[in-house]
Amino acid sequence: MKQLPPLSDPSFGFFASPFGECCIVFTNDGICALTFPESRESAYADLEHRFPKTSFKQNDEKASQFARQIFEEKGKPQLNPAGTEFQLAVWDALLQIPAGQTTTYARIAMQINRPKAVRAVGTAIGANPIGFLIPCHRVIRTDGGLGGFRWGLERKKMMLEYEKE
DNA sequence: ATAAAGGCCACCC
DNA sequence: GGGTGGCCTTTAT
């Protein structure tokens with residue numbers, strides 16, 4: 001992973017999403033993470049692991065504002081994910097998949113001009129820090145299988161169902 | 001440095 | 001349906 005630039009006003013908060021409890025992490029530069037943790041404890045642990053030596057302020061009010069923007073107004077808040085060049089390229093490709101549609105791991109690999117890196121694409125997608133907003137749930141297998149999902153396949157199905165029509 | 005582990009795919013049986 | 005080998009990147013030794 002590349003070294004992170006200093007974070008401006010690092011904050012996090014929890015809210016209830018249509019897909020379960022969410023932890024959102026953000027700074028003045030945008031959203032860094034949106035996850036569906038098993039528990040608050042695991043959310044804290046994840047935070048410390050991914051941003052060592054950084055102290056975050058809890059701000060559930062701002063988190064709720066984001067929630068409203070995302071799930072009620074269907075808005076697109078600014079994103080600020082941290083990753084390698086390869087990962088950023090993959091995540092960028094994900095952002096181009098329209099809601100309600102799906103693509104495959106192989107097609108993403110084509111799109112970023114690394115047609116043979118299909119497996120690595122799967123790994124990079126699995127490392128997506130911003131669930132739902134970076135729509136990793138819209139990627140399925142070439143053979144039609146659902147593929148995997150870091151936060152549980154049931155949740156992946158839920159998201160696809162939510163976006164249908 | 002090197003090994004091991006992945007949200008895969010094409011190919012075989 | 002299931003198993004194998006190849007492919008590429010990341011992470012943990």
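For clarity, every value in this text was computed on a predicted model and none was experimentally measured. Chain letters run A, B, ... following the sequence lines, proteins first and then strands; every chain starts at 1. Below, all heavy atoms of this structure are taken into account, side chains as well, without hydrogens, waters or symmetry copies.
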Tell me whether the side-chain N/O atoms of A:Arg141 come closer than 4.0 Å to OP1 or OP2 in B:dC8. yes
Starting from the 5' end of DNA chain C, give me the residue, A:Ala117 or A:Ala127, whose nearest nucleotide shows up first. A:Ala117
Whole-Å distance separating the CG atom of A:Leu153 from the P atom of B:dG7: 11 Å
Measure the distance from CG on A:Asn113 to P on C:dC8 and round it to the nearest whole Å. 14 Å
Rounding to a whole Å, what distance do you find between A:Tyr105:OH and B:dA10:C1'? 17 Å
For C:dT11, the Watson-Crick or wobble partner whose two distances fall under 3.5 Å: B:dA3
From the list B:dG7, C:dT9, C:dA12, which nucleotide is the closest neighbour of the side chain of A:Phe86? C:dT9
Taken to the nearest whole Å, CD/A:Gln87 to C1'/C:dC8 is 13 Å
Starting at CD1 of A:Ile108 and ending at P of C:dT9, how long is that distance when rounded to a whole Å? 16 Å
A:Lys156 has its side chain closest, among B:dG7, C:dT10, C:dC8, to B:dG7
Closest to the side chain of A:Ile125, out of B:dG7, B:dG6, B:dA10, is B:dG7
Classify the ring geometry of A:Phe15 against A:Phe71: parallel below 30°, tilted from 30° to 60°, perpendicular beyond 60°. tilted
Do the two ring centres, one from A:Phe26 and one from A:Phe66, sit under 6.0 Å apart? yes
If the plane angle is over 60° it's perpendicular, under 30° parallel, otherwise tilted; pick one for A:Tyr162 and A:Phe132. perpendicular
A:Thr123 or A:Arg119, whichever maps to the more 5' nucleotide of DNA chain C: A:Arg119
A:Phe132 CZ to B:dG7 C1': how many Å, rounded? 19 Å
Please check if any side-chain donor atom of A:Asp60 sits under 3.5 Å from a side-chain acceptor atom of A:Gln58, or the reverse. yes
For A:Asn128 and C:dT10, what is the distance between atoms CG and P respectively, to the nearest whole Å? 14 Å
Do A:Arg141 and A:Tyr105 meet the cation-pi criteria used here (NZ or CZ under 6.0 Å from the six-membered ring centre, within 45° of the axis)? no
